[in-house]
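Have a look at the structure below before the remarks.
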Amino acid sequence: MELYREAIAEGRHGAHPWLGSGAVALASGDLNAARQAFRSYVQQAPTDPRGWANLAETELRRDELSGADQALAAAEALPADPSLARRIQALHRALTRRKS
């Protein structure tokens, strides 16, 4: 995580350190840090569905269904590789279940 923080602070590697930092935070259960990192990532890389899918998952875990819905809509609107597309579909199903 420290390497991501350094890269972010120094502005190295563009938006990608935000994606890595968010993934680490999400995996460790720090949903606030994950949300902040993924929001920063999608601001800098709005055409990358990975950031939107990760933000949607984070919002879903935070029980922020409106935020999850918005992020998921953005992810679904972008082209994704087959693996990511399956993950986005799974997130969509999970969100649908939570809403009902």
Side-chain angles (χ1 to χ4, degrees):
M1 186 68 150
E2 189 60 34
L3 291 176
Y4 289 125
R5 286 190 193 121
E6 289 175 16
I8 289 166
E10 295 172 7
R12 291 184 289 152
H13 309 291
H16 287 91
W18 286 112
L19 186 64
S21 174
V24 170
L26 185 60
S28 69
D30 187 347
L31 300 180
N32 291 329
R35 181 187 205 194
Q36 179 183 351
F38 292 136
R39 281 185 169 179
S40 293
Y41 183 76
V42 299
Q43 287 175 352
Q44 296 177 48
T47 60
D48 186 345
R50 296 174 302 169
W52 291 109
N54 285 323
L55 181 56
E57 180 177 348
T58 302
E59 295 290 52
L60 191 58
R61 288 188 188 187
R62 290 171 45 88
D63 207 30
E64 295 288 341
L65 302 186
S66 177
D69 200 26
Q70 292 172 8
L72 193 54
E76 290 174 325
L78 297 167
D81 65 61
S83 176
L84 182 57
R86 286 189 298 276
R87 181 169 170 241
I88 291 169
Q89 290 171 349
L91 287 168
H92 183 86
R93 288 190 300 272
L95 180 60
T96 301
R97 283 191 301 270
R98 293 284 283 288
K99 285 180 171 181
S100 52

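Nothing fancy with the numbering, it's 1 onward along the sequence. Note that the coordinates shown come from a computational prediction; the quantities given were computed from them, not determined experimentally.
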**OP:** Might you work through the side-chain hydrogen bond (donor to acceptor under 3.5 Å, both in side chains) test for Arg35 and Asn54, ending with a clear yes or no?
**Re:** CA-CA 9 Å; Arg35 181 187 205 194; Asn54 285 323; over 6 Å; no
The side-chain hydrogen bond (donor to acceptor under 3.5 Å, both in side chains) partners of Arg62 (sequence neighbours excluded) come to Asn32, Glu59
The side-chain hydrogen bond (donor to acceptor under 3.5 Å, both in side chains) partners of Asp48 (sequence neighbours excluded) come to Tyr41, Arg50
Exercise for review: Decide whether Leu26 and Leu55 are clustered together by the hydrophobic rule: side chain heavy atoms of Ile, Leu, Val, Met, Phe, Trp, Tyr closer than 4.5 Å, transitively.
Suggested key: yes
Does Leu19 belong to the same Ile/Leu/Val/Met/Phe/Trp/Tyr cluster as Leu31, with side-chain heavy atoms less than 4.5 Å apart forming each link?
yes
Item checked: side-chain contact (heavy atoms from CB on, under 4.5 Å) assessment of Trp18 paired with Val42 -> CA-CA 9 Å; Trp18 286 112; Val42 299; over 6 Å; no
Tightest non-hydrogen contact, residues Ala33 and Asp30, listed as N-OD1, 3.2 Å
For Pro46 and Trp52 the tightest heavy-atom approach is O-NE1, 2.9 Å
Ala90 meets the side-chain contact (heavy atoms from CB on, under 4.5 Å) criterion, sequence neighbours left out, with Arg93
Applying salt bridge (charged side-chain N to carboxylate O under 4.0 Å, His left out) to Arg61 and not counting sequence neighbours gives Glu57
Rounded to the nearest 0.5 Å, the CZ atom of Arg97 sits from the CG atom of Leu60 at a distance of 9.0 Å
Taken to the nearest 0.5 Å, the spacing of Leu65 CG from Gln70 CD works out to 11.5 Å
Keeping Thr96 on the side-chain end and His92 on the backbone end, is there a donor-acceptor pair under 3.5 Å? yes
Residues 69-80 vs salt bridge (charged side-chain N to carboxylate O under 4.0 Å, His left out), sequence neighbours excluded, gives Asp69-Lys99
In residues 77-84, what donor-acceptor pairs under 3.5 Å come from side-chain atoms, sequence neighbours left out?
from: Asp81; atom 1: OD1; to: Ser83; atom 2: N; distance (Å): 3.0
from: Asp81; atom 1: OD1; to: Leu84; atom 2: N; distance (Å): 2.9

